[in-house]
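None of these values were measured; they are calculated from a predicted model. Keep in mind that the numbers below use all heavy atoms, side chains included, and drop hydrogens, waters and symmetry copies.
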Amino acid sequence: MDAGGGIMGADGRADRAVDAFVTHRNLLFTVAYEMLGSAADAEDVLQETWLRWADADLPSVRDQRAYLVRITTRQALNRLRALGRRRESYVGSWLPEPLLTAPDVADDVELAESVSMAMLLVLETLAPTERAVFVLREVFDLGYDEIAEAVDKSRAAVRQIAHRARAHVAARRPRGMVSAAETRRALTAFRLAVETGDVQSLLDVLAPDVVLLGDGGGIKQAVLRPVAGADKVARLLCSTHARTATMSLHPAQVNGHPALVLRLDGVVDTVLALRIDDGLISGVYAVRNPEKLSHMRSETALRR
């Protein structure tokens, strides 16, 4: 083959690499995000995945999707272990980065549950390899052999890890499925009570053991420790809104679930996501760190 033919061949190979990566990009982002809880870190993982994919011997790759997921998982695991050390010095509570999501994410009930703020916080309690195995098996339904290659463990070890992770998550995940209608009702009542400063109405929708977590990242003021108990949470929320006349609450689809976006002078200031158990709000997650709010400007596509 002449030089021109060689160049054309290289270009064709590059085009195929790009096409395959673009085809699976939303899936790869979702894998990385569920493992990391951070869109910014997930984007970095995708960059690293692309560099390795671009150097791959494409003709020898039998299953492009599985190969790309394997690269993404390995890169996400590396980053997750590094992030664990970084989060030890994080100011206050660390919360996942909220995503403005399209309605089709909510339509996939299993996907929506897996990316909810409540579930991502549960996944934070898993060890890195446990988290990877759980996400790949329970969310993306990968086979044990594929997962074993991705996490560099034996098939038998992966089965044990999966069993242990499932039990861990089951003990901590929200109690029972909550319908979208129930979530909207609770959110509407929550919003109205906060806007009007009606402590009693807020108490009516809060679980007695509700916990509020705030994430300002040391940049914005936020509670540094969890606030527990319906009375404390209700009074804190009502007093915060009452102090700021230019503050407004608007409903939005965040991580596949109805949530509230608090704007100050028209600018996104806080994302309020809720955990609902048995019809009552058991968790309030207030993300204020401005470095975590960039993905609230436009919808993020998530795929399984």
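Every pair tested for ring pair (Phe, Tyr, Trp, His ring centres under 6.0 Å) that includes a residue from residues 272-304 fails, sequence neighbours excluded, so the list is empty. Under the salt bridge (charged side-chain N to carboxylate O under 4.0 Å, His left out) criterion, the residue pairs touching residues 200-216 are Asp215-Lys292, with sequence neighbours excluded.
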For this session: Kindly determine whether Lys220 and Asp269 satisfy salt bridge (charged side-chain N to carboxylate O under 4.0 Å, His left out), including the steps that lead there.
Result: CA-CA 9 Å; Lys220 287 287 191 75; Asp269 177 87; 3.3 Å; yes

For this session: Before giving the answer on side chain to side chain contact (heavy atoms under 4.5 Å, CB included), spell out for Leu192 and Asp198 the whole-Å C-alpha distance, their side-chain angles and the decisive distance to 0.1 Å.
Result: CA-CA 8 Å; Leu192 183 60; Asp198 188 340; over 6 Å; no

Show me, pair by pair, the donor-acceptor contacts under 3.5 angstrom made by side chains of residues 64-72, not counting sequence neighbours?
residue	atom	partner	partner atom	Å
Arg70	NH1	Glu149	OE1	3.3
Thr72	OG1	Thr49	OG1	3.3
Thr72	OG1	Leu68	O	2.9

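Side chain of Gln253 to backbone of Ala106: no donor-acceptor contact under 3.5 angstrom is found. No side-chain donor-acceptor contact under 3.5 Å links Asn255 to the backbone of Pro98.
With Thr73 as the partner, the side-chain contact (heavy atoms from CB on, under 4.5 Å) test is satisfied by one option alone out of Val151, Asp152, Leu28, Leu142: Val151.
Side-chain contact between Val135 and Ser114 is absent, with no heavy atoms from C-beta onward closer than 4.5 Å.
Comment: Arg304 does not engage Asp141 in a salt bridge, judged by the lack of any side-chain N to carboxylate O separation of less than 4.0 angstrom.
In the hydrophobic clustering of this structure, Leu280 does not group with Leu213; members are Ile, Leu, Val, Met, Phe, Trp, Tyr whose side-chain heavy atoms approach within less than 4.5 Å, directly or through other members. Linking ILVMFWY residues whenever their side-chain heavy atoms come closer than 4.5 Å, directly or via other members, leaves Val284 and Val211 in distinct clusters.
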